[in-house]
Amino acid sequence: MERRERERDVAIVGAGALGTLLASCLTRSGFRVRILIRSAGRAESLRQEAPLATPTYDPASLVPAAFVFLCVKSYQTDEAARRLALPLLALPTPVVSIQNGWGNLDLLKLALPGIPLIAGTTTLGAYWDEAGRFQTSNGGITLFAPWTAGAGKAAEGAARLFTDAGLHAETATNAREMLWRKLVLNVAVNPLTAIHGILNGALREAPALHALACAAAREAVAVGVARGFLASSYDPEPTIDSLLHDTAGNRSSMAEDLARRRRPERDAILGAVRREGATAGVATPLAAMLSERLATLEAERSSRLEP
């Protein structure tokens, strides 16, 4: 396949809200998208929201492609990497992780040696509302940073691809700091919106919840500084308020998971803060409290949670 033609081919792993949003945006901009799915239900959703995308159950059919965008839940990273290993090691293709949580890229590096890896964070929003309508917010920004040596040009290419699709994208140089800053926002917004079953904007309207969100974020900042993931301390409240303003009508991924009786990414977000805090000797009582409250809600619904 000619290189120019290959640059128009994109693979996506995971047909959840973000994967579906990307498939829709990219295909509308003329990219050829193949998306790895796990169920017929996901195929039906794609037919409605991204009809030009090609769903597939076969990982080998994803390559050749310019990029593979990994949009699965953090606890599905290891399984996804194992499924991708054979086709990607045969025809190396840059993999871009656009996932919540901490530790996903470490797993990918172990499973996919030699593959260019790129870290991605995004404030794009997508979810299915209670009536089953697909709600999206495309005004957010996506950042890309190289995770493995030599992946800088690939990160720039991923940003150009998003820009070509009409999405706001930029590159960063420090992937760990970029990911931890995103984790700080996840800690502030995701658990409380999930626990209380509210949209993001509601955190701005409830002073007690807003104060707790900011305090939990400051706790995560302290851990990041102590572990060397952040170059210096900062007050996350202005960034939190900006995010809540821009995504006021969105439902966080954790709130979406809990509402739909799916397993939330509690361990990859709050568990990561607790583990890294313990390593650094930084107390994390708020992360522990939020994690325990989420665990209680999960236990109450355990008989109805999807694997």
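- One distance of note links CD of Glu219 with CG of Leu290; it measures 8.5 Å at 0.5 Å rounding.
- When all heavy atoms of Val189 and Leu203 are compared, the pair lying nearest together is CA-CD1, 3.9 Å.
- Residues Leu199 and Leu209 do not share a hydrophobic cluster, clusters being chains of Ile/Leu/Val/Met/Phe/Trp/Tyr side chains in contact below 4.5 Å.
- Side-chain polar atoms of Ser97 and Asn104 form no donor-acceptor pair below 3.5 angstrom.
- Using a 4.5 Å cut-off between side-chain heavy atoms of Ile, Leu, Val, Met, Phe, Trp and Tyr, with links allowed through other members, Val72 and Met254 fall into the same hydrophobic cluster.
- When side chains are defined from C-beta on, Pro59 does not count as touching Leu86, because their heavy atoms never get closer than 4.5 Å.
- Taking the centre of each ring, Phe69 and Phe162 come in below the 6.0 Å mark.
- Side chains of Ile118 and Phe67 form a contact here, defined as non-hydrogen atoms less than 4.5 Å apart.
- Here the closest non-hydrogen pair linking Ala172 and Met178 is CB-SD, 4.0 Å.
- Taking CZ from Arg227 and CZ from Arg275, the interatomic distance works out to 11.5 Å, rounded to the nearest 0.5 Å.
- Tyr234 and Val225 fall within a single hydrophobic cluster, where Ile, Leu, Val, Met, Phe, Trp and Tyr are joined by side-chain heavy atoms under 4.5 Å apart, directly or via other members.
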Start with the C-alpha gap between Leu88 and Val63, add the side-chain angles, then the distance that decides, and say whether side chain to side chain contact (heavy atoms under 4.5 Å, CB included) holds.
CA-CA 7 Å; Leu88 289 185; Val63 294; 3.7 Å; yes
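- Between the side chain of Thr136 and the backbone N or O of Asn138 there is no donor-acceptor pair closer than 3.5 Å.
- For Ser252 (side chain) and Ala255 (main-chain N/O), a donor-acceptor pair under 3.5 Å exists by modelled atom type.
- Of all heavy-atom pairs between Ala188 and Leu192, the closest is O-CD1, 4.0 Å.
- Nearest heavy-atom pair, Ile115 versus Thr93, reported as atom, atom and distance to 0.1 Å: CG2-O, 3.2 Å.
- Atoms CG and CG, from Leu243 and Leu185 in turn, are 5.5 Å apart once rounded to the nearest 0.5 Å.
- A distance of 7.5 Å separates CZ of Phe144 from OG1 of Thr122, quoted to the nearest 0.5 Å.
- Annotation: side chain of Glu300 is in contact with side chain of Thr296 (closest heavy-atom distance under 4.5 Å).
- Looking only at atom types and distance, the side chain of Arg28 has a donor-acceptor partner in the side chain of Ser24 under 3.5 Å away.
- By the 4.5 Å heavy-atom criterion applied to side chains, Leu258 and Leu294 are counted as neighbours.
- Enclosure of atom NE2 in His196 by more than 12 non-hydrogen atoms of other residues, nucleotides or ligands within 6.0 angstrom is indicated.
- Judged by distance alone, with hydrogens and angles left aside, the side-chain atoms of Trp180 form no donor-acceptor pair with the main-chain N or O of Gly228 at under 3.5 Å.
- Checking Ser74 against Glu265 by side-chain atom types alone, a donor-acceptor pair falls below 3.5 Å.
- At least one side-chain heavy atom of Pro264 sits less than 4.5 Å from a side-chain heavy atom of Glu298.
- Side chain of Ser242 to backbone of Pro238: no donor-acceptor contact under 3.5 angstrom is found.
- Between Arg181 and Phe229, the closest side-chain pair of non-hydrogen atoms is not below 4.5 Å.
- Using a 4.5 Å heavy-atom cutoff, the side chains of Leu108 and Thr77 are in contact.
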Side chain to side chain contact (heavy atoms under 4.5 Å, CB included) between Leu161 and Phe31, worked out
CA-CA 9 Å; Leu161 186 149; Phe31 288 91; 3.8 Å; yes
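- For Leu91 against Pro64, the heavy-atom pair with the smallest separation is CD2-CB, 3.6 Å.
- The line from OG1 of Thr142 to CG of Leu18 is 8.0 Å long, rounded to the nearest 0.5 Å.
- What you find for Ala53 and Ile35 is that their closest heavy atoms are CB-CG2, 4.4 Å.
- For the pair Asp164 and Arg160, the salt-bridge criterion is not met [side-chain N within less than 4.0 Å of a carboxylate O].
- At distances below 3.5 Å, at least one donor-acceptor pair connects side-chain atoms of Gln76 with backbone N or O atoms of Lys73.
- Here CG of Asn200 is found 11.5 Å from CD1 of Ile240. Values are rounded to the nearest 0.5 Å.
- Between the side chain of Glu276 and the backbone N or O of Gly224, no donor-acceptor pair lies under 3.5 Å.
- Taking a cutoff of 4.0 Å between a charged side-chain nitrogen and a carboxylate oxygen, Arg47 and Glu44 qualify as a salt bridge.
- Ser253 and Asn190 share a donor-acceptor pair across their side chains, judged by distance under 3.5 Å alone.
- Ion pairing of Arg263 with Asp257 is absent here, as no side-chain N (NZ or NE/NH1/NH2) approaches a carboxylate O to less than 4.0 Å.
- Salt-bridge annotation for Asp9 and Arg34: present, with a side-chain N of the basic residue lying under 4.0 Å from a carboxylate O of the acidic one.
- Side-chain contact check for Arg260 versus Trp128: some heavy-atom pair is nearer than 4.5 Å.
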Under the side chain to side chain contact (heavy atoms under 4.5 Å, CB included) criterion, do Thr239 and Val184 qualify, and how do the steps go?
CA-CA 10 Å; Thr239 309; Val184 168; over 6 Å; no
List the steps, then state whether side chain to side chain contact (heavy atoms under 4.5 Å, CB included) holds for Val13 with Val95.
CA-CA 10 Å; Val13 180; Val95 173; over 6 Å; no
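- Applying the 4.5 Å side-chain rule to ILVMFWY residues, one finds that Leu107 remains a lone member of its cluster.
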